[in-house]
Each structure stands twice: as C-alpha cells, then as structure tokens.
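Here the structure comes first, spelled out in structure tokens, and everything after it is commentary.
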Amino acid sequence: MPASAQEKVLRIGMTAADIPRTLGQPDQGFEGNRFTGIPMYDALTQWDLSKSDVPSVVIPGLATSWAVDANDKTKWVFKLRPGVKFHDGSPVNADAIVWNVQKVLDKDALHFDASQVGVTASRMPTLRSAKKIDDMTVELTTSEPDAFLPINLTNLFIASPAHWNAKLKAVPASVAAPAERAKQAWAAFAADASGSGPFKMARFVPRERLEMVANKDYWDAKRKTQIDRVVLLPIPEANARTAALLSGQVDWIEAPAPDALPQIKQRGFNIYSNPQPHVWPWQLSFAEGSPWLDKRVRHAANLCVDREGLKTLLGGLMGIPKGTMAPGHPWFGTPSFDIKYDVAGSQKLMTEAGFSAAKPLKVKIQISASGSGQMQPLPMNEFVQQSLKKCFFDVQFDVIEWNTLFTNWRKGAKDPSANGASATNVSFSSMDPFFGMVRFSSKGTFPPVSNNWGYYASPEVEALVTTARTTFDDKARDAALAKLHTRIVEDAPFVWIAHDVGPRAMNKKVTGVVQPQNWFIDIATMKVQ
C-alpha cells in the first residue's frame with residue numbers, strides 16, 4: 001500500500017534463535033533487553049546510551065530521583081515522572097510500580113508469573129518489596145543494604161497492569177484455577193504487549209518476527225523515534241545473518257561473520273564496534289571433584305590462550321582482557337596475577353599440578369552454537385581448545401542451544417543440567433558491580449538465586465563483597481570494588497578469553513547510530529534514510 005511504501009522501516013537480524021519474550025521481562029540474555037525490553041518498555045532507571053566516548057552511566061527513567069533512607073539503608077524512595085502513559089493509555093504511577101515488583105516477587109499476587117522470576121530476581125536478588133507512598137512516590141525495600149539497587153533496577157521493565165487485567169477478564173470463565181487464569185492472561189499480554197517505551201508492539205509471530213511501531217506519544221523528546229517500524233528477525237547463524245544483510249533482507253545484523261568483514265565493507269555497509277564492558281569467559285566450577293580446584297590449573301589455562309591469534313581470527317573485533325575490568329578502570333585494582341600468553345609458564349604450572357602431554361587434564365565445557373553476546377562461540381571455543389592442548393588440557397564440549405545454556409547458568413555446576421561440565425561459556429555484562437563481580441563471587445548468589453554457577457566463594461571475598469555493597473559513597477565504593485577485582489583476578493574463577501566490542505554491520509541508510517560503551521544500544525534515536 002502507498003502508506004506502507006513510505007514507512008521508514010528498520011529490519012534487524014538478531015543472533016538469538018527466537019524472538020525474546022515480549023511480556024515485560026525478556027529472555028535470550030541481554031539481547032532480549034536490547035531488542036524487546038528497552039524499545040517497548042521503560043524502567044525506573046535506565047542507561048545513558050547517547051554517548052560513545054565514555055562509559056555509560058545510569059540516569060533517571062520512570063523515576064526522576066531516588067535516595068536511600070539515611071536511618072535505614074534497606075529502604076529507598078523513588079519519585080516518579082508525572083504524566084507518563086502506557087501504550088494502552090493507562091497511567092504509569094506508584095500502583096503500577098508496586099504491581100510490577102509483585103509480578104516477580106510476590107507468589108501470592110494474582111498476577112505473579114514464575115516464568116519471569118528467573119530472568120529478573122537473579123539480576124536484583126536483594127529487592128524484597130514495594131510500597132506506595134503516594135501516586136508519584138514508591139518505597140522499595142531490600143533484604144540488606146545494597147548500594148547497587150538503582151543500577152539493578154534498569155532490568156525491571158514496567159508493564160501495564162490495566163492492560164494485563166483486561167487480558168485476565170478475557171480468559172474464559174471455564175478456566176477456574178487462578179494460576180492458570182494468570183498464565184493465560186500473561187500469554188495474551190505477550191501477544192499484545194503494553195509498556196511505555198518509544199516503540200509499541202504491532203505484530204508478533206513467535207520464532208519468526210516481531211514488528212514494533214513508533215510510539216508517537218512517548219514522554220522523552222530526545223528518544224521520540226523517527227523510525228516508523230522496526231522488524232526483528234532471529235537469525236542465529238553468522239553466515240546466514242551476513243547473507244541476509246548482503247542480499248538486502250535486513251538492514252542491520254549483530255555479530256557479522258568475521259571472514260566476511262572485507263566484503264561487507266567493500267559493499268558499502270558500515271561496521272560499528274566499540275570496547276564494551278562485556279566479558280567472554282569460561283566460568284569455572286568449584287564444586288567437589290572439579291578439575292579446576294587447583295589454582296595452578298586455573299592460572300595455567302589463563303596463560304595458555306593465544307588471545308592475539310583469536311583476535312586475528314575475529315578480524316580484529318575483540319579486546320584482550322586482563323580480568324573482568326580493564327586496566328585503567330577504577331575497579332581494576334592491583335592484581336598480582338598477570339593474564340597473558342605464556343605457554344612455558346602454563347606448562348610449568350601444569351607439570352607441578354601433575355599433568356603432562358601423556359597425562360592431560362580432561363575438562364568439559366558447556367557452550368552454545370550462537371546467542372546473545374556469545375560472539376562466534378563455535379570457532380572461538382575450538383580455537384581455545386587447540387590453544388590449551390599445548391598446555392596439557394584435553395577439552396571437550398557439550399554444545400546446547402543458547403537459551404538453554406542461559407537457563408542452566410542459574411541452576412549451577414552441581415545441577416544435572418551441567419551434564420558433567422566443569423565450566424560454562426556464558427558471556428556477561430560488567431557494566432555495574434553486581435553484574436560484573438558480585439553475582440559470581442558471593443555465597444548469597446549461589447544457584448538458583450543468581451549466576452554464581454561455579455560456587456566460587458571465600459570468607460575474604462565475602463567480606464570484600466559486603467564492604468562494596470554497603471558503601472554508599474562513590475569513591476569509597478570504587479576503592480572497595482578495586483580490592484574485590486584484585487582478589488577475583490588472583491583467584492581466577494574464570495578463564496578470561498575475550499572482551500567484546502559489539503560488532504554490528506548496518507546498511508548505510510541507517511544513520512544516527514551511537515555505539516555506546518555499553519552492552520545495549522538505543523534504536524529509538526536512529527534514523528532510516
């Protein structure tokens with residue numbers, strides 16, 4: 001139709017094998033937040049994605065301000081932005097915020113949805129409840145003092161209670177069980193979602209496509225989009241994504257095939273990348289019987305990865321890590337263990353630990369074939385496998401689907417889902433202290449609470465975590481986090497393999513692209529010529 005022909009449409013090829021969930025709390029890792037969370041929903045706090053030359057910081061979203069109670073640091077008061085409406089026209093107010101906290105924390109709430117808990121509670125494990133003070137003020141309570149809460153709240157996307165209630169009323173009366181009625185209401189909501197973000201759901205075909213259209217009434221003038229329609233397509237295989245871009249099927253692809261980069265550039269497409277707080281590691285098991293319990297083995301593996309060779313394999317599109325944080329970052333600290341390529345040093349450690357070419361150490365790693373932030377998981381893992389062979393490691397892989405791997409991440413190394421693996425290859429964001437360090441180094445984040453898959457903990461690390469989490473002065477907290485990172489690098493609960501630079505290729509008709517130093521990117525501020 002003529003109107004459709006004039007639409008400014010942006011078509012995106014994702015690495016995910018399915019459309020991330022649309023009901024408010026996405027799955028598919030942070031690719032879900034990027035493509036169905038941030039575009040369609042708002043949170044109390046949000047990342048500033050408008051700059052590429054400095055690390056992103058948290059800024060006001062649906063909340064205009066927040067403060068911790070001076071006398072009780074488990075209580076936070078958030079002032080809400082007046083006049084914001086959900087896509088269905090209902091108001092975003094304190095009642096809506098309380099309702100959205102209850103959907104993932106209050107098992108007695110009519111609208112509680114267990115399917116949303118895992119991807120939410122693990123990202124804000126200290127949040128316990130919400131209380132309305134007045135229409136524009138809400139009080140949040142945590143289980144312990146937690147200076148990280150405002151950052152964690154970027155992951156709680158606010159869905160419309162009124163829209164959900166309308167879906168609940170439409171559930172047939174023959175469905176009597178409250179839990180089943182709620183489940184059906186959430187399924188209906190997912191097919192016809194209502195948030196308050198810069199885009200509104202227009203068409204949803206599971207496993208095939210999601211179409212979003214501009215929210216012309218969006219509250220933030222800076223993010224009121226000039227794109228009429230966004231089409232999301234799951235294309236998990238890198239060569240297929242690249243072919244889709246080159247043939248004109250899509251305008252934007254995540255993680256293009258590295259060997260196709262020269263052709264992509266030659267054909268006039270733009271490649272965007274930027275150092276990101278995003279780590280591509282092996283997370284190691286500290287469970288009884290794990291082959292990684294000997295620190296000499298953990299250090300040896302970190303010394304045996306040819307990261308420069310891996311970077312060449314990826315067309316230069318990766319960063320070489322010295323830990324979770326980069327040197328120069330205020331949280332880097334002063335680790336005594338230097339992560340570098342030192343085969344001789346690695347072999348010496350392995351020999352001391354009792355291993356040799358004739359008696360290699362067998363390890364199994366659970367990995368994915370594709371997925372959010374996984375870069376190029378199969379060729380990268382195969383490269384590391386060959387690197388470690390020089391240092392007496394016999395590496396085997398358990399290859400599973402990305403969303404399953406991500407789900408297993410919360411179940412832990414002791415769970416049968418690990419299938420005998422002593423390490424897991426799940427990339428993660430290190431934008432904030434909880435995501436980058438705390439959730440991997442505390443007893444309080446052992447599965448299923450959060451992502452300490454390997455059960456790494458010690459009294460010293462626990463004390464450092466507590467100090468950082470309960471320090472509300474920024475400079476003092478940075479100093480505490482630097483000590484925590486120092487200890488983590490020295491203990492080596494990871495094999496740090498790569499830092500992501502978020503490579504994406506786009507048609508030159510897509511303009512206004514800001515590739516922030518962040519795992520996310522803002523579609524709303526882009527344009528399509």
Side-chain angles (χ1 to χ4, degrees), residues 24-25 33 42-47 57-80 94-109 112-114 116-134 136-158 331 410 429 431-452 457 461-474 476-478 480-481 484:
Q25 299 305 129
N33 284 29
D42 291 310
L44 288 171
T45 57
Q46 63 188 30
W47 291 101
V57 296
V58 170
I59 59 175
L62 293 177
T64 57
S65 64
W66 51 89
V68 68
D69 189 309
N71 299 314
D72 183 356
K73 288 187 167 54
T74 65
K75 298 187 183 300
W76 292 77
V77 173
F78 288 77
K79 294 289 185 180
L80 304 183
D95 289 321
I97 304 302
V98 172
W99 187 91
N100 274 273
V101 172
Q102 290 174 332
K103 76 183 178 185
V104 291
L105 292 183
D106 185 357
K107 294 181 180 179
D108 295 325
F112 175 76
D113 184 13
Q116 298 187 58
V117 173
V119 294
T120 310
S122 64
R123 294 171 177 172
M124 51 190 73
T126 64
L127 181 62
R128 288 295 176 267
S129 63
K131 182 176 74 173
K132 175 182 176 180
I133 304 299
D134 58 46
M136 290 289 106
T137 311
V138 65
E139 179 186 84
L140 300 185
T141 301
T142 58
S143 58
E144 59 188 274
D146 187 358
F148 308 149
L149 181 68
I151 306 172
N152 297 160
L153 288 171
T154 59
N155 299 287
L156 180 65
F157 294 108
I158 305 303
W331 305 339
R410 295 190 298 272
S429 164
M431 295 181 294
D432 68 73
F434 176 74
F435 272 70
M437 291 186 280
V438 171
R439 62 176 169 159
F440 305 123
S441 56
S442 169
K443 285 185 177 180
T445 57
F446 280 177
V449 176
S450 194
N451 301 117
N452 195 344
V461 171
E462 202 69 42
L464 291 170
V465 166
T466 300
T467 299
R469 183 168 241 157
T470 57
T471 301
F472 289 80
D473 174 76
D474 290 347
R477 187 168 62 247
D478 284 350
L481 290 167
L484 175 59

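Computed from a predicted structure; not experimentally measured.
- Residues V77 and T137 are in side-chain contact: their nearest non-hydrogen atoms beyond the backbone lie under 4.5 Å apart.
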Practice item. Check the pair M124 / N155 against side-chain contact (heavy atoms from CB on, under 4.5 Å), numbers first and verdict last. Key: CA-CA 8 Å; M124 51 190 73; N155 299 287; 3.9 Å; yes
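- Judged by distance alone, the side chain of Q25 and the main-chain N or O of V119 form no donor-acceptor pair under 3.5 Å.
- Note that the OG1 atom of T445 and the CG atom of N451 stand 8.0 Å from one another [nearest 0.5 Å].
- In this structure, CD on E144 lies 6.0 Å from OG1 on T126, to the nearest 0.5 angstrom.
- In this structure a side-chain-to-backbone donor-acceptor pair under 3.5 Å is present from T45 to P150.
- Counting heavy atoms from C-beta outward, D432 and V58 have side chains that stay 4.5 Å or more apart.
- Here NZ of K103 is found 5.0 Å from CD of Q116. Values are rounded to the nearest 0.5 Å.
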Check your understanding: Between Q46 and I59, is a side-chain contact (heavy atoms from CB on, under 4.5 Å) present by the stated rule, with each step listed?
Key -> CA-CA 6 Å; Q46 63 188 30; I59 59 175; 3.7 Å; yes
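- Around atom NZ of K132, more than 12 heavy atoms belonging to other residues, nucleotides or ligands sit under 6.0 Å away.
- Nearest heavy atom pair, residue E462 against residue S442, reads OE2-OG, 2.8 Å.
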Point to revise | Residue pair V438, F148: steps toward the side-chain contact (heavy atoms from CB on, under 4.5 Å) verdict | key: CA-CA 10 Å; V438 171; F148 308 149; 3.6 Å; yes
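- Among all heavy-atom pairs drawn from M431 and W331, the shortest one is O-CH2, 4.1 Å.
- By the 4.5 Å heavy-atom criterion applied to side chains, N152 and L127 are not counted as neighbours.
- No side-chain heavy atom of T74 sits less than 4.5 Å from a side-chain heavy atom of R128.
- The shortest heavy-atom contact between L156 and N100 is CD1-O, 4.0 Å.
- Here the CE atom belonging to M136 is positioned 5.5 Å from the CG atom belonging to L80, to the nearest 0.5 angstrom.
- For the atom pair CH2 of W99 and CG of D95, the computed distance is 12.0 Å after rounding to the nearest 0.5 Å.
- Inter-residue side-chain proximity for F434 and I151 is flagged as unmet; no heavy-atom pair is nearer than 4.5 Å.
- Across F78 and A63, no two heavy atoms sit closer than the pair CD2-CB, 3.9 Å.
- The main-chain N or O of T471 is found under 3.5 Å from a side-chain atom of R477 such that the two form a donor-acceptor pair.
- L149 places none of its side-chain heavy atoms less than 4.5 Å from the side chain of W66.
- A donor-acceptor contact shorter than 3.5 Å is absent between the side chain of S122 and the backbone of S450.
- For the side chain to side chain contact (heavy atoms under 4.5 Å, CB included) test with Q102, the passing option among D106, L105, V104 is D106; the others fail.
- With rounding to the nearest 0.5 angstrom, the CG atom of L44 is 11.5 Å from the CZ atom of F157.
- Shown here for A468 and L481, the closest heavy-atom pair between the two residues is CB-CD2, 3.6 Å.
- Counting all heavy atoms, side chain and backbone alike, G444 lies closest to V449 at O-CG1, 3.3 Å.
- Side-chain contact between L484 and T467 is absent, with no heavy-atom pair separated by less than 4.5 Å.
- R410 is linked by a salt bridge (charged side-chain N to carboxylate O under 4.0 Å, His left out) to nothing, counting only residues two or more places apart in sequence or in another chain.
- Put simply, the side chain of R123 reaches to within 4.5 Å of the side chain of N33, judged on heavy atoms.
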